[in-house]
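Here is the structure we will look at, set down as structure tokens.
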Amino acid sequence: MSLTERTPAGEVRSDQVGREVDLYGWVHRRRDLGGLIFIDLRDRSGIIQVKFDPVNAQAHATGGELRLESVIHVRGPVQRRPPGTENKELATGAVEVEARSVTILNRAQPPPFAVNEDNPVDEQLRLRYRYLDLRRGRMARNLQLRHRIAKAIRDFLDDEGFVEIETPVLIRSTPEGARDYLVPSRLKPGYVYALAQSPQLYKQLLMVAGMDRYFQIVRCYRDEDLRADRQPEFTQLDLEMSFVGEDDVLDVVERCFAYIWEKVLGNPISTPIRRITHAESMLRYGVDKPDLRYRLEIQELSPIFARSEFKIFRQALDAGGVVRGLRIPRTVGTKEIEALTEVARGEGAKGLAFWHREADGWRSPITKFFSERELTDLQQTMNAEPGDLVVAVADRVEVAAPALGAVRKAAARMLGLINAGIFEFVWVTEFPLFERSKETGEITAAHHPFTSPRPEDIGLLDDQPLKVRARAYDLVLNGTELGSGSIRIHDPELQQRVFQGLGISREEAERRFGFLLTAFRYGAPPHGGFAYGLDRVVMLAAGEETVREVIAFPKNQQAEEPMTDAPAPAEPKPLRELGLQLLRPPAPPTP
RNA sequence: GGCCCCGUGGUGUAGCCUGGUCUAACACGCAGCCCUGUCAAGGCUGAGAUCGGCGGUUCAAAUCCGCUCGGGGUCGCCA
């Protein structure tokens with residue numbers, strides 16, 4: 001049997017009236033009027049109404065047996081609907097198909113949740129019956145949007161002269177960054193592969209290979225805890241270019257996004273995307289991924305209070321800290337101030353100073369501690385209108401900035417300043433090359449160890465490594481980090497110095513990255529690139545809150561796949577073949 | 001691992017704060033009957049939950065308390 005004569009349900013139009021068509025699809029809804037029976041038949045293309053008239057006795061009898069989500073084949077003529085019975089909600093609403101014959105290809109049990117509407121359903125249940133969930137409008141739309149975005153990316157980069165090249169998934173573990181998923185080698189017992197966290201080293205080697213402009217839509221694996229925007233396996237758009245500087249990379253990436261937003265979403269973004277340095281972002285927004293959908297900005301207040309009598313400010317400033325403030329453009333009640341204070345405390349601040357602005361001056365429990373001059377200067381800087389609230393944090397800069405960043409975000413939500421459907425892209429540039437690990441206190445790579453320092457900062461590498469800025473940049477959309485990139489080091493000597501800064505000895509560097517250092521001695525072009533999370537891009541484009549809504553078969557927070565119940569207990573035979581032994585028997589599966 | 005939220009028929013909710021009137025309500029779905037222009041079809045009838053589990057308090061627990069299991073959010077973690 002061939003189904004080549006299949007007519008897509010959603011594409012039947014009045015110009016086909018009188019034509020006999022073959023429809024194949026699912027029973028989306030049924031309306032049994034006793035005599036006439038109407039069925040909404042659904043396939044991926046859409047929905048059409050099928051009419052079962054008692055005149056066609058056989059078909060009508062079968063029509064009476066149909067149940068939701070059964071799969072059927074209907075044959076019959078396309079008919080114009082009688083005047084007044086057209087359905088303007090449906091693309092096919094001017095016509096219907098009269099079933100002259102109908103075959104039930106698969107009788108469906110009642111589904112565990114309604115497939116013909118997008119009402120909320122427990123997510124674990126949706127994931128257990130994901131194939132039903134994917135039939136629903138929301139997921140079907142999201143997956144098709146994802147496809148169109150991926151295609152737009154490929155079309156755009158192909159036009160720009162990029163070549164899509166696949167790189168290995170089973171790779172050598174490089175114990176940097178996230179925890180690896182390990183795959184034991186059967187042929188070399190005791191040896192392991194890691195699943196690639198990203199194609200980073202391979203794409204750089206492709207540049208050494210002269211590939212010039214590479215990209216890949218590639219699955220990446222990181223064994224870390226899950227979040228609304230994080231899955232253990234996720235998809236990245238990865239690209240790399242030779243003979244370029246920062247501006248070349250940023251230009252290609254932002255034109256790529258402009259292309260997606262225009263072609264796929266029909267919602268053009270303004271380019272060039274604005275840029276902000278990392279230092280400025282930390283100062284003005286308290287984060288390295290600012291949400292610019294709202295305008296609240298943090299202000300430096302330290303100079304104003306440089307000689308303040310107020311003990312809390314005094315102590316912070318004397319200890320080399322800062323006082324920074326945020327104007328909240330609305331009257332905020334005591335309860336809300338308490339909530340904001342909790343937010344600040346959650347980020348390590350000891351508290352939140354606040355002043356209400358009134359027509360004739362400041363009102364606050366702490367006003368009495370400040371001089372007239374200080375209060376005037378405060379108004380000068382904050383530009384508060386009567387009714388506004390000004391809050392401030394005094395602490396070390398590493399505490400004050402993120403605390404106010406969190407308060408800014410909470411205040412924006414509290415005041416309803418965030419409009420849905422707005423897309424505010426921003427580049428964050430000049431990231432530091434290194435950062436100090438909160439855990440171990442050691443210096444680690446802020447981006448990755450192949451990131452080039454800015455030439456003017458190379459002199460600081462040995463003495464003040466934390467001051468060295470990198471040729472690294474992040475792309476941020478609505479406060480979500482989409483991705484990051486950098487200009488890479490292509491000089492083996494400079495690479496060695498950066499390894500040294502990271503406390504990686506020459507021997508260790510040679511052992512772990514020798515292949516890269518060697519490659520760089522055979523003619524490595526200057527190169528740089530970028531990578532961004534496709535799941536996150538689609539999530540934001542679709543207006544979804546989690547990446548699970550744009551992934552066909554995602555993992556839950558325990559990194560389980562509830563439909564197949566992966567992961568499953570290890571079986572003895574494959575373990576033996578791999579030369580592995582379990583220290584502990586697997587826990588019994590939880591029901 | 002810490003913190004926060006959620007768990008009531010197949011699905012989604014109400015009831016919980018303030019214990020008894022809960023013999024657990026409503027909508028959808030499901031089953032049966034009626035119905036020839038519906039499109040979230042309509043009407044009538046019916047089945048279906050011991051309120052995630054265990055323990056406690058009480059004359060009495062869906063409701064209060066403790067523990068626990070499951071799900072989600074978040075911090076840590078994510079070069």
Side-chain angles (χ1 to χ4, degrees), chain A residues 28-41 47-55 60 63 67-69 79 81-90 92-93 96 98 109-129 132-133 136 174-180 197-198 200-201 220-232 234 342-343 345-348 402 406 431 433-435 437-439 442-451 470 472 481 484 486 498 502 504 512-513 531 533 545-546 548 556-558 560 562 589-591:
Chain A
H28 185 67
R29 246 184 254 284
R30 60 195 201 100
R31 295 174 290 278
D32 187 341
L33 275 59
L36 283 177
I37 300 168
F38 294 101
I39 294 287
D40 287 341
L41 183 84
I47 286 172
I48 179 131
Q49 173 164 283
V50 176
K51 179 181 74 172
F52 297 83
D53 195 303
V55 173
H60 184 264
R67 293 297 174 266
L68 296 180
E69 297 309 313
Q79 298 174 347
R81 292 198 190 187
T85 66
E86 299 90 349
N87 185 344
K88 291 189 173 56
E89 304 294 309
L90 283 182
T92 58
E96 62 195 4
E98 179 181 309
Q109 296 179 12
F113 52 85
V115 171
N116 56 16
E117 54 190 22
D118 276 327
N119 292 345
V121 175
D122 175 73
E123 194 175 6
Q124 192 74 357
L125 189 68
R126 291 173 60 201
L127 294 182
R128 195 181 324 279
Y129 296 93
L132 297 179
D133 191 37
R136 306 206 296 167
T174 55
E176 289 267 338
R179 192 177 297 113
D180 279 325
Q197 293 185 25
S198 83
Q200 182 61 36
L201 291 166
C220 301
Y221 305 85
R222 296 180 187 175
D223 187 6
E224 298 291 351
D225 284 355
L226 289 79
R227 290 287 186 280
D229 61 356
R230 260 163 45 188
Q231 283 272 302
F234 63 100
E342 269 319 300
V343 169
R345 286 217 181 94
E347 295 296 317
F431 268 73
L433 187 64
F434 302 120
E435 62 193 10
S437 161
K438 268 167 260 168
E439 217 176 302
E442 287 167 0
I443 288 187
T444 59
H447 181 48
H448 58 57
F450 319 108
T451 302
E481 178 194 327
S484 57
S486 64
V498 170
L502 290 166
I504 300 175
R512 279 165 52 188
F513 305 113
E545 301 282 333
T546 85
R548 297 189 299 276
N556 68 11
Q557 200 166 68
Q558 277 55 250
E560 297 160 337
T590 43

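Only a predicted model underlies this, so the values are computations on that prediction, with no experimental measurement involved. We name chains A, B, ... by the order of the sequence lines, and we start the count at 1 in each one. Computed from heavy atoms alone, side chains included, the values below leave out hydrogens, waters and symmetry copies.
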[X] has an atom [atom1]; how far is it from atom [atom2] of [N], in whole Å?
| X | N | atom1 | atom2 | value |
| --- | --- | --- | --- | --- |
| A:Arg30 | B:rC35 | CZ | P | 16 Å |
| A:Glu435 | B:rC77 | CD | C1' | 13 Å |
| A:Arg67 | B:rG32 | CZ | C1' | 11 Å |
| A:Ile37 | B:rC39 | CD1 | P | 16 Å |
| A:Leu68 | B:rU11 | CG | P | 16 Å |
| A:Arg29 | B:rG29 | CZ | P | 9 Å |
| A:Asp225 | B:rG2 | CG | P | 13 Å |
| A:Leu36 | B:rU38 | CG | P | 10 Å |

Donor-acceptor pair, distance only, cut-off 3.5 Å: does the side chain of [X] make one with the backbone of [Y]?
| X | Y | value |
| --- | --- | --- |
| A:Arg29 | A:Ile39 | no |
| A:Thr92 | A:Ile47 | yes |
| A:Arg126 | A:Asp133 | no |

Classify [X] by what it touches in the nucleic acid, base, sugar-phosphate, or nothing, heavy-atom distance under 4.0 Å.
| X | value |
| --- | --- |
| A:Glu347 | nothing |
| A:Arg128 | nothing |
| A:Leu90 | nothing |
| A:Arg81 | base |
| A:Arg126 | nothing |
| A:Gln557 | base |
| A:Asp122 | sugar-phosphate |
| A:Pro82 | base |
| A:Ala114 | nothing |
| A:Asn116 | nothing |
| A:Ser198 | base |
| A:Glu89 | nothing |
| A:Asn119 | nothing |

- Taking atom types as modelled, is there a side-chain donor on A:Glu117 or A:Asn119 under 3.5 Å from an acceptor on the other?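 Distance-only check passes for A:Glu117 and A:Asn119.
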
- Does a side chain donor of either A:Gln49 or A:Asn87 reach within less than 3.5 Å of an acceptor in the other side chain?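 On atom types as modelled, these side chains do not qualify, holding no pair under 3.5 Å.
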
Does [X] make a side-chain N or O approach to OP1 or OP2 of [N] shorter than 4.0 Å?
| X | N | result |
| --- | --- | --- |
| A:Gln124 | B:rG70 | no |
| A:Arg222 | B:rC77 | no |
| A:Gln109 | B:rC30 | no |
| A:Arg31 | B:rA41 | yes |
| A:Arg345 | B:rC3 | no |
| A:Gln49 | B:rU38 | no |

- Atom pair CD/CZ of A:Glu123 and A:Arg548 - distance to nearest 0.5 Å: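 Answer rounded to 0.5 Å: 4.0 Å.
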
- Item | Inter-residue atom distance A:Glu224.CD - A:Arg179.CZ, 0.5 Å rounding |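 Those atoms lie 4.5 Å apart.
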
- Message: Around atom CD of A:Gln124, are there more than 12 heavy atoms from other residues, nucleotides or ligands closer than 6.0 Å?
- Response: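 Counting neighbours around CD of A:Gln124, more than 12 heavy atoms of other residues, nucleotides or ligands fall under 6.0 Å, so yes.
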
- Which nucleotide, B:rG37, B:rG72, B:rG73, lies nearest any side-chain atom of A:Ala228?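 Among the listed nucleotides, the one closest to the side chain of A:Ala228 is B:rG73.
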
- Message: Of the options B:rU11, B:rC28, B:rA41, whose atoms approach the side-chain atoms of A:Leu33 most closely?
- Response: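 Among B:rU11, B:rC28, B:rA41, the one nearest the side chain of A:Leu33 is B:rA41.
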
If I pick the [atom1] atom on [M] and the same atom on [N], what distance separates them, to the nearest angstrom?
| N | M | atom1 | value |
| --- | --- | --- | --- |
| B:rA61 | B:rC77 | P | 47 Å |
| B:rU45 | B:rA25 | P | 16 Å |
| B:rU8 | B:rC51 | P | 11 Å |
| B:rU23 | B:rC65 | C1' | 27 Å |
| B:rC28 | B:rG70 | C1' | 25 Å |
| B:rG9 | B:rA49 | P | 10 Å |
| B:rG20 | B:rC33 | P | 42 Å |
| B:rG32 | B:rC26 | C1' | 22 Å |

- Given that A:Gly35 and A:Leu125 both sit by RNA chain B, which one's nearest nucleotide is further toward the 5' end?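 Its nucleotide being nearer the 5' end, the pick is A:Leu125.
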
- Item | Residue mapping more 5' on RNA chain B - nearest nucleotide basis, A:Asp229 or A:Gly34 |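 The 5'-side residue here is A:Gly34.
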
- Output field: ring centroids A:Phe234/A:Tyr221 closer than 6.0 Å: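 Distance test on ring centres: not under 6.0 Å, no.
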
Assigned partner base of [N], Watson-Crick or wobble definition, under 3.5 Å:
| N | result |
| --- | --- |
| B:rA31 | B:rU45 |
| B:rC64 | B:rG56 |
| B:rA25 | B:rU13 |
| B:rC77 | none |
| B:rG7 | B:rC69 |

Once hydrogens and angles are ignored, does a donor-acceptor distance under 3.5 Å link the base of [N] to the side chain of [X]?
| X | N | result |
| --- | --- | --- |
| A:Arg230 | B:rC78 | yes |
| A:Arg227 | B:rG76 | yes |
| A:Glu96 | B:rG37 | yes |

- A:Phe38 over B:rU38, stacked by centroid distance under 5.5 Å, angle under 30°: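 Stack criterion met.
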
- Report yes if the side chains of A:Ser486 and A:His448 come closer than 4.5 Å at any heavy-atom pair, otherwise no.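 Yes, at least one pair of side-chain atoms sits under 4.5 Å.
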
